[in-house]
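Take a look at the structure set out below.
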Amino acid sequence: MAERDKAGNAVKLWDSWLVGKPLFGKDVRSMLTVAVVGDLNRNGVLDDAPDTVKDLNGDGRVDAKDLRKLGVTSNITEVPFHITGSAA
């Protein structure tokens, strides 16, 4: 059964996580920020998320503030995590 939005329209969610090369490093603290980008081009489809979110507010960090400036249609969730170094 398909999920439905508030208007009763069928909703399909596509996401991608490419695993194959290290993105965060080893033995570092990182922050995963998740949100749904809004319909920026107003074609009725939530398909406008960029491949990379840029530092849109120029503060030297890419975070929830940049997502808000980009334009999101969901809550923004930030999850801190730590990638350990070599196995003990």
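Atom set for the values below is all heavy atoms of this structure, side chains included, hydrogens, waters and symmetry mates excluded.
- Summarising the geometry, atom CZ belonging to F81 is positioned 9.0 Å from atom CE belonging to M31; distances are rounded to the nearest 0.5 Å.
- Listed by first then second residue, pairs satisfying side-chain hydrogen bond (donor to acceptor under 3.5 Å, both in side chains) with a partner in residues 68-83 read D27-H82, not counting sequence neighbours.
- D39 places a side-chain N or O within donor-acceptor distance of the main-chain N or O of G44, the cut-off being under 3.5 Å.
- The heavy-atom pair separating D48 from V45 by the smallest distance is OD2-O, 4.0 Å.
- Hydrophobic cluster membership is shared by L56 and L40, with clusters built from Ile, Leu, Val, Met, Phe, Trp and Tyr side chains linked at under 4.5 angstrom.
- Using a 4.5 Å heavy-atom threshold, the side chains of V53 and T33 count as separate.
- Screening residues 50-63 for salt bridge (charged side-chain N to carboxylate O under 4.0 Å, His left out), with sequence neighbours left out, gives R61-D63.
- Residues V62 and V79 do not share a hydrophobic cluster, defined by chaining ILVMFWY side chains whose heavy atoms lie under 4.5 Å apart.
- For the pair L46 and G38, the tightest heavy-atom approach, listed with the atom from each and the gap, is CD2-C, 3.6 Å.
- In this structure V72 satisfies the side-chain contact (heavy atoms from CB on, under 4.5 Å) test together with A35, L67, I76, sequence neighbours excluded.
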